[in-house]
A.B. asks: 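Below are the structure tokens for one structure; questions will follow.
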2 protein chains.
Amino acid sequence: MRLVVARCTVDYEGRLQAHLPEAVRLIMVKADGCVAIHADGGAYKPLNWMNAPNRLITDDPRSWRVTNSKGEELRITIHEVISDTTHEMGVDPGLRKDGVEAHLQELLAANPDTLGEGMVLVRREYPTDIGPVDLLCRDPEGRAVAVEVKRRGEIDGVEQLTRYLERLDRDGTLRPVRGVFAAQQIKPQARVLAESRGIRCVVVDYDELRGITSDELKLF
Amino acid sequence: MRLVVARCTVDYEGRLQAHLPEAVRLIMVKADGCVAIHADGGAYKPLNWMNAPNRLITDDPRSWRVTNSKGEELRITIHEVISDTTHEMGVDPGLRKDGVEAHLQELLAANPDTLGEGMVLVRREYPTDIGPVDLLCRDPEGRAVAVEVKRRGEIDGVEQLTRYLERLDRDGTLRPVRGVFAAQQIKPQARVLAESRGIRCVVVDYDELRGITSDELKLF
DNA sequence: TGGTGCATTTCGATA
DNA sequence: TATCGAAGTGCACCA
């Protein structure tokens, strides 16, 4: 990784046009070739960048050009170099994560009762011609229930579930299919839209659900 | 901005749990306090981070703790410091952008003819109870036309316009409202969905539109 | 290679 | 401050 601290101006032309006036910034060049220009503030997002794969030309150390195959271009004009260092880091072993939507889906699949008294799981990732539904269940009366699982429930999640319901309803063996929108948190507008379409909203407590599952495991 | 290159392990606990095994990485601490841990690859996104505002405790230089008011915590254990530098950068003058959706909307508002012969603008950001429609126009016969403007037209844009049309149609003074989906580029699947719902698709040439507007200005 | 959905999304505008 | 929609979104996954 090469780290250049320099007074520079930057121009980007590609998906939009953008310009950075002269100032001191950090230019980070990673081993995969991606370039990022950071100011001394503003979260982790750089002011400007060019992802790999790209071509970086620094023949003229005062004027860098980064281009990619999509015709995007980043021009960095360097007025004064304050620091220029390079460090070998090797390949990173990578990040281990826990607690994302996939895990929430697992927990709900193991505890369909959370989605409604007496609910029974038919299968996870139930296929339709526009993609898989997160969960397909049956209620105590044997009626099909399609479940969309989100960490945070917003309008586009309701739209997604609506499209699935439309498709599933065409299947004579399932019709009529009801919808359940399950999330750790549901935005008010998403709730309004869901309920106006007869979709039930279920707010899920992740930690509680994890507790139930581990309690059940203790029974064995 | 403080730049530390170090062999480290990192743990994050907050919106999810994540762990980084021991490796050499860049730890970037910005003036606003935000902390980002970068590997030598993988676009501009850091492996781990904590945005401002937060509290950074480095009393023990081998074990940093970053916490915020939401109860999130980042622990950085430093096994070996390879480099540790600090640079003053001052406040960045910031990024100037051009070519985004707002500008496209302005240009279309100034040239409603682009959306259809004889189209007249009623107003931009026409309010509904689920949010404002980009443009509301009337066609030569005086019928209402709702326009959704996107840089790139994809399925969710069609869904958005459909929701607006649904709402506007409830307004007796406007009904029936037609829809126009305007974008610099329209994905085939979005076009199919739009047309199946009777929504007209208009591909807009940004540069040409800008030319028309400047030509009109020259007339004055 | 392109389409779809998720993200510790981030970011900005607005009510 | 919450909420909503856009982003040069990035990224994984799958066809």
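Here is how names work: the chains are called A, B, and so on, in the same order as the sequence lines, proteins then strands, and each is numbered from 1. Owing to the predicted nature of the structure, the values given are computational and were not obtained by experimental measurement.
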A.B. asks: Output the rounded distance in Å from CG (B/N54) to C1' (C/dT10).
C.D. replies: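 These atoms are roughly 16 Å apart.
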
A.B. asks: Grab the NE2-C1' distance between A/H103 and C/dC6 for me, whole Å please.
C.D. replies: 17 Å

A.B. asks: Identify the residue among A/H19, A/Q17, A/E72, A/E73 that makes a side chain to side chain donor-acceptor pair (under 3.5 Å) with A/Y12.
C.D. replies: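 Among A/H19, A/Q17, A/E72, A/E73, the one meeting side chain to side chain donor-acceptor pair (under 3.5 Å) with A/Y12 is A/E72.
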
A.B. asks: Side-chain contact test, heavy atoms from C-beta onward, threshold under 4.5 Å: evaluate it for A/M119 versus A/R138 and give yes or no.
C.D. replies: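 Of all side-chain heavy-atom pairs linking A/R138 with A/M119, none is under 4.5 Å.
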
A.B. asks: P atom, C/dG5 versus D/dG8: distance in rounded Å?
C.D. replies: 22 Å

A.B. asks: Are side-chain heavy atoms of A/I76 and A/V35 found at a separation under 4.5 Å?
C.D. replies: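 They are in side-chain contact.
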
A.B. asks: Can you tell me how far P of D/dC4 sits from CZ of B/R167, to the nearest Å?
C.D. replies: 13 Å

A.B. asks: Give the C-alpha distance, both sets of side-chain angles, the deciding distance and a yes or no for salt bridge (charged side-chain N to carboxylate O under 4.0 Å, His left out) between A/R123 and A/E125.
C.D. replies: CA-CA 7 Å; A/R123 71 165 285 186; A/E125 303 289 347; over 6 Å; no

A.B. asks: Could you tell me how far apart B/D32 (CG) and C/dT10 (C1') are, to the nearest whole angstrom?
C.D. replies: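 Answer to the nearest Å: 13 Å.
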
A.B. asks: Taking salt bridge (Lys or Arg N to Asp or Glu O under 4.0 Å) as the definition, give me every residue that meets it alongside B/R124, ordered by chain and number, with sequence neighbours left out.
C.D. replies: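 Partners of B/R124 by the salt bridge (Lys or Arg N to Asp or Glu O under 4.0 Å) criterion come out as none, since no residue qualifies.
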
A.B. asks: To the nearest 0.5 Å, how far apart are CG in B/L95 and CG in A/L47?
C.D. replies: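 Result: 6.5 Å between the selected atoms.
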
A.B. asks: Between B/H38 (NE2) and C/dT8 (P), how many Å, whole number?
C.D. replies: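 Distance check: B/H38 NE2 to C/dT8 P gives 15 Å.
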
A.B. asks: How close or far is atom P of C/dT8 from atom CZ of A/R96, stated in whole angstroms?
C.D. replies: 15 Å

A.B. asks: How does protein contact run along nucleotides 5-15 of chain D, one letter per nucleotide 5' to 3', with B for base contact, S for sugar-phosphate only, - for none, heavy atoms under 4.0 Å?
C.D. replies: SSSBSSS----

A.B. asks: Would you measure the distance from the P atom in C/dT4 across to the matching atom in C/dT8 and give it in whole Å?
C.D. replies: 22 Å

